[in-house]
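Quick caveat, the model's predicted, so the values are computed rather than measured. Positions are given from 1, in the same order as the sequence printed here. Both counts, for ligands and for their atoms, begin at 1 and track the order of listing.
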Amino acid sequence: MNAQLEPLSFKEIEDRLAELPGWSVEGGMLCRGYAFHGHFPAAVMVIHIAQIQEELGHHADLTLGYNRLAVSVNTHSIGGRITHLDFGLAHRIEAIAPVHGAR
Ligand SMILES: C[C@H](O)[C@H](O)[C@H]1CNC2=NC(N)=NC(=O)C2=N1
């Protein structure tokens with residue numbers, strides 16, 4: 001089986017969370033909220049994330065507010081568990097966040 005698709009243990013999740021300040025696990029999903037200076041930069045970041053998600057073939061739930069964006073992800077294909085794929089996407093999102101003024 002593809003190791004990327006194996007559910008991570010509690011310890012593995014804890015270790016990988018240490019690489020991602022601002023991210024946490026809530027309701028079985030890897031999550032982070034971002035704040036922006038206005039609506040448009042938040043909306044643009046949604047499109048940028050969509051582009052990355054299509055590249056990776058892995059997709060988060062994105063909730064766009066006025067100047068906020070909530071990201072939450074787990075891996076549907078193994079019944080909604082957290083895998084390395086989720087952390088891989090989170091790292092890609094973190095890498096683009098500063099470009100959009102997300103904090
Ligand atoms: C066929 C396609 O790659 C799969 O359905 C992908 C799409 N995006 C996905 N995204 C997430 N978060 N979990 C998945 O299991 C998943 N599966």
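The nearest protein atom to atom 8 (N) of ligand 1, hydrogens excluded, is given as H59 ND1, 2.7 Å; this is a heavy-atom distance. Of all protein heavy atoms, the one closest to atom 13 (N) of ligand 1 is H76 N, 3.1 Å.
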Please assess R103 against H37 for the test side chain to side chain contact (heavy atoms under 4.5 Å, CB included), listing each intermediate value before the final yes or no. CA-CA 9 Å; R103 63 202 192 278; H37 289 293; 3.9 Å; yes
Would V73 and H58 count as a side chain to side chain contact (heavy atoms under 4.5 Å, CB included) here? Give the steps. CA-CA 9 Å; V73 63; H58 201 66; 4.0 Å; yes
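In terms of heavy-atom proximity, I93 sits nearest to M45 at CG2-CE, 3.8 Å.
The shortest N or O to N or O distance between D86 and ligand 1 is not under 3.5 Å.
Distance check for atom 2 (C) of ligand 1: every protein heavy atom is found at 4.0 Å or beyond. For atom 5 (O) of ligand 1, no protein heavy-atom neighbour is found at a distance under 4.0 Å.
Ion pairing between K11 and E14 fails under the 4.0 Å rule for side-chain N and carboxylate O.
Short contacts between ligand 1 and G57, defined as distances under 4.0 Å to a heavy atom of the residue, involve ligand atoms 3 (O), 6 (C), 7 (C), 8 (N), 9 (C). Taking a cut-off of under 4.0 Å to the non-hydrogen atoms of S77, the atoms of ligand 1 that pass are 14 (C), 15 (O). Proximity to T75 (heavy-atom distance under 4.0 Å) selects the following atoms of ligand 1: 13 (N), 15 (O).
Residue L85 is not grouped with residue F87 when hydrophobic side chains (ILVMFWY) are merged at heavy-atom distances under 4.5 angstrom, including chains of intermediate members. M29 is not connected to Y34 by any chain of hydrophobic side-chain contacts under 4.5 Å among Ile, Leu, Val, Met, Phe, Trp and Tyr, and they are in different clusters.
Under the 3.5 Å distance criterion, the side-chain polar atoms of H84 are left unmatched by any main-chain donor or acceptor of L5.
Counting heavy atoms closer than 4.0 Å to ligand 1, residue L85 contributes nothing at all.
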